[in-house]
Amino acid sequence: MEVHIAIFPSPGMGHLIPLTELARQLLCLLHRRVFVTFIIPTATGAPIKPQNDILNAMPENVTSIFLPPVDLNDLPPDASLGARISLTLARSLPALRQTLSELTHDSTRKRPSSLVVDIFGPPSFEIAKEFHISPYIFSTVSATTLVGLFHVPLLYEMFPGGLREPVTLPGCVPVQPTDFFARVHDYDQVGLFKMYNLAKGILVNSFVELEPAAFKAMEEGEWCKPDIFPVGPLIRTGSEQQTSYGFECLKWLDKHSVGSVLFVSFGSGGTLSQKQIDELAFGLEKSGQKFLWVVKSPSEKVNASYFSAKTDLDPTSFLPDGFLDRVRDRGLVVSSWIPQVEILGHSSTGGFLTHCGWNSILESIVNGVPMIGWPLYAEQQMNAVNLTDGLGVAYRVKVGENGLVERDEIEKCVRSLIEGEDGRKMRTKVVELKEGGAKALSQDGSSTRAILHVAKDTLLATSG
């Protein structure tokens, strides 16, 4: 028996990559009895080559369809990232309907039995219903964050003026108002989160051993109606491409001792201001530690790279004068694509200064690397709280009164993580979580069983 699954991801590599890993896992566990079609929404001017590269490297049972680009030029320049993503999906819905119609009537392949979307995709459920396709959500955020998203509509009604006190949700550590998705009172997607209960099931890219309390809360809470399936940690296990920068980074790491290098990266979308880049550079220099730093052009907008195709070729132009010469023996600065998974898995990597995107966190945990949390946008503040207060596997940088993370703070965090006693304890804890993740994805692990359960439901829906 074969099954056909359609996947409709949000824009951005951080949404696409874990969904491609889910597809690989399904193909592996079902012995290629599954066909997957990725239906990709696009916006005018947004880069599609990185997505194409990923999808073209997928097994032959996985195909992709790029929808016509939608125009977002009517959005104000300061429109939030969430608004841009949501509008891209909303304006792509007519094209999605047409594509699902064509797939449903394709005589060469079984009709899709399920539509899998990520956390921005539930507005497509009405279209899935038209074609009698079961709707699923794949959560590209943590189980803890997902609990928060379920509660946003309730909190919005209870505190229309915004949160004033820390909030403690079921299965979660207390979260300060400034860390709860930035500001609940002006969140523009309350209606979206109400749609989560329309899903047949929610697949969460996490594992029970990592977030047991959050998973238990969703299982027992009346506010969470869909079945919840922990299916992670699903991360890229290897690079789909290599570059001269990639080889250079790995060769450079080979020269250094075990656990001695701090990896610094703010993900595919994160950016820092010029002043903040300067402070980070001076902090890394003062720390005296070895580091590998992925630098992007400065921007006052913390997620300026998310919808941008711009590539930085010369990081020296916006680093402090003489910085590269002063750290030449212990620092490597790059500005192009690098193999993050391989870097985190290298024996020389002893810490990760990260923006706290969920994919990056999982990659760090899977490789047993403790972290310094430097959240920038979206749910990253909540992730940072969970890493520090919940899991105890990270420091979190403190922002000064001037709005900057200052060099002395950076120096302190880096030194403590790489050579301090607290850093050693964090390393021990994160290695335990690494082992839990491996167990979850083992032959009879909790995540493997959950994926097979979802696949069985899909197969039964197809046969019915």
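The structure presented is a predicted model; accordingly, all values stated were derived computationally and were not measured.
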Assess the residue pair R84 and L75 against the criterion (side chain to side chain contact (heavy atoms under 4.5 Å, CB included)); give the C-alpha distance rounded to whole Å, side-chain angles, the decisive distance to 0.1 Å, and a yes or no. CA-CA 8 Å; R84 289 180 178 275; L75 280 176; 3.8 Å; yes
Is any side-chain heavy atom of [X] less than 4.5 Å from a side-chain heavy atom of [Y]?
X: L262; Y: W293; result: no
X: V117; Y: P135; result: no
X: I119; Y: Y196; result: yes
X: R91; Y: L87; result: yes
X: F125; Y: I137; result: yes
X: D254; Y: S348; result: no
X: I410; Y: F282; result: no
X: M13; Y: I54; result: yes

Identify the heavy atoms of [X] and [Y] that sit nearest to each other, and give their distance.
X: L362; Y: L210; result: CD2-CD2, 4.2 Å
X: I338; Y: C249; result: CG2-SG, 3.6 Å
X: K429; Y: L391; result: CD-O, 3.8 Å
X: P41; Y: S92; result: CB-OG, 3.6 Å
X: T140; Y: P18; result: CG2-CG, 4.0 Å

State, without any angle test, whether [X] and [Y] hold a side-chain donor-acceptor pair at a distance under 3.5 Å.
X: D118; Y: S10; answer: yes
X: N367; Y: H346; answer: no
X: T144; Y: E211; answer: yes
X: Q381; Y: T178; answer: no

Has D321 got more than 12 heavy atoms of other residues, nucleotides or ligands less than 6.0 Å from its CG?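 Not more than 12 within 6.0 Å, no.
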More than 12 heavy atoms of other groups within 6.0 Å of K286 NZ: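 Counting other residues, nucleotides and ligands, NZ of K286 exceeds 12 neighbours.
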As a quick check of understanding, evaluate salt bridge (Lys or Arg N to Asp or Glu O under 4.0 Å) for R407 and E411, giving each step before the final call. CA-CA 6 Å; R407 62 192 71 179; E411 176 193 8; over 6 Å; no
All N/O donor-acceptor pairs, side-chain side in residues 349-358, below 3.5 Å, sequence neighbours left out:
{"from": "T349", "atom 1": "OG1", "to": "I343", "atom 2": "O", "distance (Å)": "2.6"}
{"from": "T354", "atom 1": "OG1", "to": "C356", "atom 2": "N", "distance (Å)": "3.0"}
{"from": "W358", "atom 1": "NE1", "to": "N205", "atom 2": "O", "distance (Å)": "2.7"}

In sequence, state the C-alpha distance, the side-chain angles, and the governing distance for W252 and V261, and then conclude on side chain to side chain contact (heavy atoms under 4.5 Å, CB included). CA-CA 10 Å; W252 184 83; V261 177; 3.8 Å; yes
I'd like to know if [X] and [Y] make a salt bridge, using a cut-off of under 4.0 Å between side-chain N and carboxylate O.
X: E409; Y: K398; answer: no
X: D53; Y: K49; answer: yes
X: K275; Y: E279; answer: no
X: E248; Y: K251; answer: no
X: D179; Y: R396; answer: yes

For Q274, give me all partners under side-chain hydrogen bond (donor to acceptor under 3.5 Å, both in side chains), at least two apart in sequence or on another chain.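 For Q274 the side-chain hydrogen bond (donor to acceptor under 3.5 Å, both in side chains) partners, ignoring immediate neighbours, are D278.
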Run the ring-centre check on H15 versus F120 and record whether the distance is less than 6.0 Å.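 Yes, ring centres under 6.0 Å apart.
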With side chain to side chain contact (heavy atoms under 4.5 Å, CB included) as the criterion, how do M371 and Y395 come out once you've worked through the C-alpha distance, each side chain's angles and the decisive distance to 0.1 Å? CA-CA 7 Å; M371 288 159 272; Y395 290 104; over 6 Å; no
Go through it in stages, so that I can follow the logic: the residues are E285 and R326, the test is salt bridge (Lys or Arg N to Asp or Glu O under 4.0 Å), and I'd like the CA-CA distance, side-chain angles, deciding distance and then a yes or no. CA-CA 8 Å; E285 182 179 349; R326 295 192 298 273; 2.6 Å; yes
Derivation of the salt bridge (Lys or Arg N to Asp or Glu O under 4.0 Å) call for R424 and E421: CA-CA 5 Å; R424 187 192 64 78; E421 179 62 20; 2.5 Å; yes
With side chain to side chain contact (heavy atoms under 4.5 Å, CB included) as the criterion, how do F66 and I48 come out once you've worked through the C-alpha distance, each side chain's angles and the decisive distance to 0.1 Å? CA-CA 9 Å; F66 280 79; I48 64 170; 4.1 Å; yes
I'd like to know if the side chain of S442 and the backbone of K439 have a donor-acceptor N/O pair within less than 3.5 Å.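 Checked: pair present.
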Which one of V295, L284, V414 satisfies the side-chain contact (heavy atoms from CB on, under 4.5 Å) criterion with V264?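 So the option named by the test is L284.
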